[in-house]
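First the proteins, then the strands, lettered A, B, ... as listed; each starts at 1. The model shown is predicted, which means the values in this text are computed figures rather than measured ones.
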Amino acid sequence: MDVSFILDSLNDKQRDAVAAPLQNSLVLAGAGSGKTRVLVHRIAWLMHAYELSPYSLMAVTFTNKAAREMQGRIEELVGVPPQGMWVGTFHGLAHRLLRAHWRDAGLKENFQIMDSDDQLRLVKRIMKSMNIDDTRWPPKQVCWFINAQKDEGRRAAHVPDSHDPFSKGMRELYYHYEEACENAGLLDFGELLLRAHELMLTNPPLLRHYQERFRHVLVDEFQDTNTIQYAWLRVMVGDQGTITAVGDDDQSIYGWRGAKIENIQNFTKHFKDVQTIRLEQNYRSTGHILNAANGLIKNNDDRLGKELWTESGEGDPISLYAGFNEQDEARFILGIIKQWRDKGTSLSDMAILYRSNAQSRVLEECLVREQIAYRIYGGHRFYDRLEIKNALAYARLALDPNDDGAMERVVNVPPRGIGERSIGTLREMARDEGCSMWRAAQIIVEKSLMPARATNAIKSFLHLIEGLNTTVQQPDLNLNDIFEQIIEEAGLIPFHEKEKGEKGEARIENLKELVGAAGGFSWSDEDEEFSSPLMAFLDKAVLDAGEAQADEYQEAVQLMTLHSAKGLEFPLVFLTGVEENLFPSKMSFEEPGRLEEERRLCYVGITRAMEKLYITYAESRRLFGSESFNSPSRFIKEIPVECLEEVRLRSQVSRPVSMQRPDYQTEKNRLQNSTVLNNFKAPEVNVSMGDRVRHPVFGEGLVINYEGQGPQARVQVNFDDEGSKWLVLSFAKLEVL
DNA sequence: CTGGCGGTTCTTTTT
DNA sequence: GAACCGCCAG
């Protein structure tokens, strides 16, 4: 069989990775080095060269988007959809296993997946019933604790005993939470993974079956695996199977969520005969951008080691702009955006990146003012929206009226006279009788245990759900019909119409969108594990962010956090707010290793840029209501100086040294009026913004500003002991540290 | 059940 | 600075 079509379009290293023998391999794929390509071609190669059936392959990703993309590209390359192959996210595949083997996994047949919102509600409910002080144990933290334990593969019983009352309480709550989930048949995200892992460990025949089936497992973004995901992979691969792990230790940015960079660092120790291949040729960015990224990331220890290079030229140096404040920073960015737009660049080819969401506001305001379309990437996911979750809760209730979580959620949405008091009675009754709230409601209505008004209200709710229940069971109804009915009967549209502002309108739009999404849902897949299309749809809704986002504007500047930028690329990128305390975030100073993760985040940011990168920071920034004066980020000085070029305003004059800035107002006005921008190259002397320098008299300090060129060039240095001073570069004997 | 008030908190986010 | 929560009054 001619397999050359699989290898022809690849470079040498990519070919090595794709045509590697059928053994364990680790592909260290730098940013923009064709990672997904290698993965997809590797799959094709396995099928054609080693004649592995798609049935014996499993490919694991983190996001649904990545899974979909991989699936699509396999089809594209091979020509047909790979029948029988498992392609999905960790959670999706774990879920699939659990649906198929729910009994072996010790689950109820109709178990449900909770998202983080449901989880938080459940925790709150449990704590309330236990009368626990939620100021000492904030529910959010409890969730966080439970999730962190599950990420590590620990059940409540495995959490080490502790004497301090706080940890004891946490552990106690975890126990109760486990119990509540068990009783209600609820699984949170972490539980999917944990349970799937346990399922394999406790069922040797089942494990053997899957180990024999999956001859080769492929994993994307391996650097982001957490302990339980890694454990599950190792179990699934076993002694006979083999694995291809693709990842980049330099892009591990989810440590705070339990990802273990050690998994990729120790990969070769845990798996036998690992062939390691490095993909270092970058097809995305210019030389200067890559050199900056390389120079920065070199400052991290314990790297597996990689250096990106490109055949395309140096390109433009990275431009560094020191904004006077965050307003000035935004104004500068908008100026450049307009320049590029007028040159003919599409707005969607431009991205503004920031460390934290709070930074987007000033930028947004500026974009609105300049009437430039923008889109904020990420943010609230479609299926996470309040109105959508309500509609889904109605569907869940219709399917199973005993679903207390759903009942709690919508029993009084829209308001129908079942207030906190009535709900409390229902809850209490359910607990005493050991039944669901639904059953409790029935009893209350039957025996008229509550005031007439409340009883009537509950009665009509019961009728509503009973009606929906028969609707849902009509076999000839489509999913979109079902949701249309639900929305209609529950009166969700008039409810949102009453909302003030544009919010209600958007919500109604989203509900319509939901009907559309439900209509487009195909259940004919190989998902025979599900008992009904509606159930399958509800599960999908929990596990999938919902690509059907109502607002995917074509022509718009992309705004997003650095985290959500991973995996994307743009010709023009702005890396904003690159200041100490902000980026790296000051939160990262305490824990060891966190600073390195921030640096990797910066590396991710830099490598998003294809043609041109702007790095900006502000000398003063208003954030959370108060003003702060941060120095330029240490990351700036870690970028090789020859890759950087400072952007200076043309009529720059000496700037006041003190933080008080006596002529703040005039300075501000001057900046506002000065629309002409100009570029000046740094002087020959190797000093740049953010450098640490030593002066023979004043000692050590940080370069925080400079102006002028040639013999007149002066720098402002903030000395550790002497405060900040302006020095003429050609006279001051500065030594760069 | 709604509206208003004060107090608190505020990286990053997918599943 | 604003968003969210819990509390209280109507």
Among [options], the nucleotide that comes nearest once only the side chain of [X] is considered:
X	options	result
Arg381(A)	dT13(B), dT11(B), dT15(B)	dT15(B)
Thr89(A)	dT13(B), dG1(C), dT15(B)	dT15(B)
Leu543(A)	dT12(B), dT11(B), dT15(B)	dT15(B)
Ser116(A)	dT15(B), dT13(B), dC10(B)	dT15(B)
Asn412(A)	dT12(B), dC1(B), dT15(B)	dC1(B)
Pro415(A)	dG1(C), dC1(B), dT15(B)	dC1(B)
Arg361(A)	dG1(C), dT11(B), dT14(B)	dG1(C)
Trp256(A)	dT15(B), dT11(B), dT12(B)	dT12(B)

Main-chain N/O of Asp250(A) paired with Arg600(A) side-chain donor or acceptor, under 3.5 Å: no
Whether Glu579(A) side chain and Ala618(A) backbone form a donor-acceptor pair below 3.5 Å: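 Yes; at least one donor-acceptor contact below 3.5 Å.
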Any side-chain N or O of [X] under 4.0 Å from OP1/OP2 of [N]?
X	N	answer
Ser356(A)	dC10(B)	no
Asn357(A)	dC10(B)	no
Ser564(A)	dT13(B)	yes
Arg594(A)	dT12(B)	no

Sugar-phosphate, base or nothing in reach of [X], heavy atoms under 4.0 Å:
X	answer
Leu187(A)	nothing
Asn64(A)	sugar-phosphate
Phe62(A)	sugar-phosphate
Glu191(A)	nothing

Nearest-angstrom distance from the residue atom CD1 of Ile261(A) to C1' of dT12(B): 16 Å
Value in whole Å for how far the C1' atom of dT14(B) lies from NZ of Lys150(A): 16 Å
Along DNA chain B (nearest heavy atom to each residue), the more 5'-positioned of Asp384(A) and Ser588(A):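 By nearest-heavy-atom nucleotide position, the 5'-most residue is Ser588(A).
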Conformer about C1'-N of dT12(B) - syn within 90° of 0, anti elsewhere: anti
Sub-4.5 Å side-chain heavy-atom contact between Arg99(A) and Phe111(A):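 Contact flag for Arg99(A)/Phe111(A) side chains = yes.
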For Leu353(A) against Thr576(A), the heavy-atom pair lying closest together: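 So the two residues come closest at O-OG1, 2.8 Å.
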Aro-ring/base stack Phe189(A)-dT14(B), d under 5.5 Å, angle under 30°: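 No; by the centre-distance and plane-angle rule, Phe189(A) does not count as stacking on dT14(B).
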Verdict with reasoning, Gln558(A) to Phe570(A), per side chain to side chain contact (heavy atoms under 4.5 Å, CB included): CA-CA 9 Å; Gln558(A) 311 285 304; Phe570(A) 306 91; 3.7 Å; yes
